[in-house]
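Comments concern the structure below.
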Number of protein chains: 2
Amino acid sequence: MTTTLQPRWLDADQQRIWRSFLNGVARINERLEAELRCFGLDLGEYEILVHLSESPDRSLRMSDLADRVRQSRSRLTHTVARMETKGLVARMACPSDRRGVIALMTNQGHDLLVEAAPAHVESVRRALVDPVSPEDFAALGRAMDAVTAVQD
Amino acid sequence: MTTTLQPRWLDADQQRIWRSFLNGVARINERLEAELRCFGLDLGEYEILVHLSESPDRSLRMSDLADRVRQSRSRLTHTVARMETKGLVARMACPSDRRGVIALMTNQGHDLLVEAAPAHVESVRRALVDPVSPEDFAALGRAMDAVTAVQD
DNA sequence: ACAATGTTGTTGAACTGTAAACTTCTTTGC
DNA sequence: GCAAAGAAGTTTACAGTTCAACAACATTGT
């Protein structure tokens with residue numbers, strides 16, 4: 001049985017909160033994207049740079065990187081190809097697995113991240129951290145962890 | 001002055017919560033999209049149907065609808081055009097403003113919404129409402145309302 | 001009355017994302 | 001050792017989004 005016979009509808013409060021969630025997430029995304037556009041980046045590209053910068057040798061296997069930034073492998077291939085033409089990342093063969101490809105951040109990519117990061121953090125604060133009370137912010141973290149803990 | 005000289009970095013907890021947020025939102029979206037795909041819809045189309053169904057005469061001005069579903073006008077034009085070829089919505093001239101176009105839901109669109117809604121609600125529950133405690137869920141609502149209340 | 005300005009919605013091109021097929025290589029199990 | 005199965009990345013074709021330009025109409029201020 002894949003569907004319940006009697007749908008468990010959301011009550012008025014739950015529905016209101018669900019819509020607040022949709023609206024809030026959209027607003028946050030808009031602001032972060034708008035801010036990063038000044039640096040010629042979008043959020044997906046920014047996250048790629050962040051994860052590379054935090055990894056040894058500023059490099060990661062493509063599939064590993066894809067998991068961390070929650071992009072499909074296909075999408076990551078396209079995105080990294082574009083970033084490569086911009087000079088932000090480079091690709092090299094993986095020595096231990098000949099199927100593998102290693103993405104690595106260039107100095108230019110690192111410079112751009114260093115340049116964009118303060119403004120990005122500032123927009124995360126303005127869009128989310130500052131307007132929300134510390135208690136509710138902590139609850140938000142617990143809620144999202146619970147969401148992520150659900151197995152498919 | 002557009003940038004602060006000393007960026008107010010996020011502390012470890014804030015950073016962890018911010019990343020939980022990005023992960024959680026991505027998971028929720030994945031699940032809702034996957035579920036709606038069974039009905040040939042994506043979340044954007046589903047929301048269009050919802051907002052039309054809640055409006056008088058199941059109809060809304062295009063720009064009004066665009067605001068409610070948080071889509072650009074251009075995007076809405078394209079999306080509604082596609083939905084029109086699927087027979088889910090129709091468009092008619094607005095009597096009071098000759099620039100205007102009114103989008104309205106067809107019976108077929110309404111039938112599809114009625115068919116998809118129970119499964120959609122169920123996936124909202126499974127992805128978010130059920131795994132989160134009522135207190136944290138309420139806090140999530142307050143947090144997102146605070147986010148939306150920030151003026152640009 | 002009417003020019004200037006703003007709003008509405010669409011268009012087409014360029015760009016980005018998705019899905020499936022495919023190549024190459026590795027791993028597994030006989 | 002070898003076939004089968006699986007994994008990594010890319011490619012191609014296509015679907016969807018964004019952006020800038022535009023046409024049509026409404027509103028404003030004089």
Side-chain angles (χ1 to χ4, degrees), chain A residues 25-26 29-48 51-52 55 59-86 88-104, chain B residues 25-26 29-49 51-52 59-86 88-104:
Chain A
V25 168
N29 266 326
E30 274 170 26
R31 284 162 197 187
L32 300 192
E33 296 282 3
E35 213 281 335
L36 284 171
R37 200 169 311 129
C38 308
F39 300 94
L41 291 171
D42 63 22
L43 196 50
E45 294 169 324
Y46 183 84
E47 287 198 320
I48 288 171
H51 283 274
L52 289 177
S55 298
S59 68
L60 280 173
R61 285 283 296 265
M62 287 292 281
S63 55
D64 195 353
L65 181 54
D67 291 343
R68 298 194 197 205
V69 300
R70 304 171 308 274
Q71 292 190 16
S72 70
R73 290 168 187 207
S74 175
R75 179 177 170 186
L76 185 66
T77 295
H78 289 300
T79 306
V80 165
R82 262 178 270 131
M83 294 175 78
E84 206 169 13
T85 70
K86 293 196 220 169
L88 303 177
V89 297
R91 277 183 288 194
M92 54 176 276
C94 176
S96 59
D97 182 342
R98 292 205 292 167
R99 295 169 303 182
V101 172
I102 291 176
L104 62 137
Chain B
V25 168
N29 265 325
E30 274 169 26
R31 284 164 196 187
L32 299 192
E33 295 283 3
E35 214 282 337
L36 285 171
R37 200 168 313 130
C38 309
F39 300 94
L41 291 171
D42 63 23
L43 196 49
E45 294 169 326
Y46 182 85
E47 287 198 320
I48 288 171
L49 293 180
H51 283 273
L52 289 177
S59 68
L60 280 173
R61 285 283 295 265
M62 288 292 281
S63 57
D64 195 354
L65 181 55
D67 291 344
R68 298 194 196 205
V69 299
R70 303 170 308 275
Q71 293 190 16
S72 71
R73 289 167 187 209
S74 175
R75 179 177 171 186
L76 186 66
T77 294
H78 288 300
T79 306
V80 164
R82 262 178 272 129
M83 293 175 78
E84 205 169 14
T85 70
K86 293 196 221 169
L88 303 177
V89 298
R91 277 184 286 195
M92 54 176 276
C94 175
S96 60
D97 183 343
R98 292 204 295 165
R99 295 168 303 181
V101 172
I102 291 176
L104 63 136

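These values consider heavy atoms only, across backbone and side chains, with no hydrogens, waters or symmetry-generated copies. Keep in mind that this is a model prediction, so the values were computed, not measured. Order of the sequence lines sets the chain letters (A, B, ...), proteins ahead of strands, with each chain counted from 1.
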Please report the distance, rounded to the nearest Å, between [atom1] in [X] and [atom2] in [N].
{"X": "Leu43(B)", "N": "dT18(C)", "atom1": "CG", "atom2": "P", "result": "14 Å"}
{"X": "Arg98(B)", "N": "dG6(C)", "atom1": "CZ", "atom2": "C1'", "result": "18 Å"}
{"X": "Met83(B)", "N": "dT17(D)", "atom1": "CE", "atom2": "P", "result": "12 Å"}
{"X": "Leu76(B)", "N": "dT17(D)", "atom1": "CG", "atom2": "P", "result": "11 Å"}
{"X": "Leu60(B)", "N": "dG9(C)", "atom1": "CG", "atom2": "P", "result": "11 Å"}
{"X": "Glu30(A)", "N": "dT18(D)", "atom1": "CD", "atom2": "C1'", "result": "14 Å"}
{"X": "Leu41(A)", "N": "dT16(C)", "atom1": "CG", "atom2": "C1'", "result": "15 Å"}
{"X": "Asn29(B)", "N": "dG17(C)", "atom1": "CG", "atom2": "P", "result": "15 Å"}

Distance-only, no hydrogens or angles: does the Glu45(B) side chain make a donor-acceptor pair with backbone N or O of Asp42(B) under 3.5 Å? yes
Establish whether the base of dT11(D) is bridged to the side chain of His78(A) by a donor-acceptor pair shorter than 3.5 Å. no
How long is the gap from CG on Leu76(B) to CG on Asp64(B), to the nearest 0.5 Å?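 It comes to 10.5 Å.
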Drop me the distance from Thr79(B)'s OG1 to Gln71(B)'s CD, to the nearest 0.5 angstrom. 4.5 Å
Could you check whether [X] gets within reach of a base, just the sugar-phosphate, or nothing at all, counting any heavy atom under 4.0 Å?
{"X": "Asp97(B)", "answer": "sugar-phosphate"}
{"X": "Thr77(A)", "answer": "base"}
{"X": "Arg73(A)", "answer": "base"}

Nearest-nucleotide wise, let me know which of Arg99(A) and Gln71(B) is further upstream toward the 5' end of DNA chain D.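 The residue closer to the strand's 5' end, by nearest nucleotide, is Arg99(A).
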For DNA chain D, whose closest nucleotide is more 5', that of Glu45(B) or that of Ser74(A)?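 Counting from the 5' end, the first nearest nucleotide belongs to Ser74(A).
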Return no unless some side-chain N or O of [X] is found under 4.0 Å from OP1 or OP2 of [N].
{"X": "Arg82(A)", "N": "dG17(C)", "answer": "yes"}
{"X": "Arg61(A)", "N": "dG9(D)", "answer": "yes"}
{"X": "Arg91(B)", "N": "dT10(C)", "answer": "yes"}
{"X": "Arg75(A)", "N": "dT16(C)", "answer": "no"}

Of dG17(C), dT10(C), dG9(D), the nucleotide closest to the side chain of Asp42(A) is dG17(C)
Could you tell me if the side chain of Arg31(B) sits less than 4.5 Å from the side chain of Glu35(B), heavy atoms only?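 The answer is no, as the side chains (C-beta and beyond) never meet within the 4.5 Å cut-off.
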What I want to find out is whether Glu30(A) reaches Arg70(B) closely enough, with some N-O distance under 4.0 Å, to be called a salt bridge.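 Looking at Arg70(B) together with Glu30(A), the answer is no, because their closest N to O distance does not fall below 4.0 Å.
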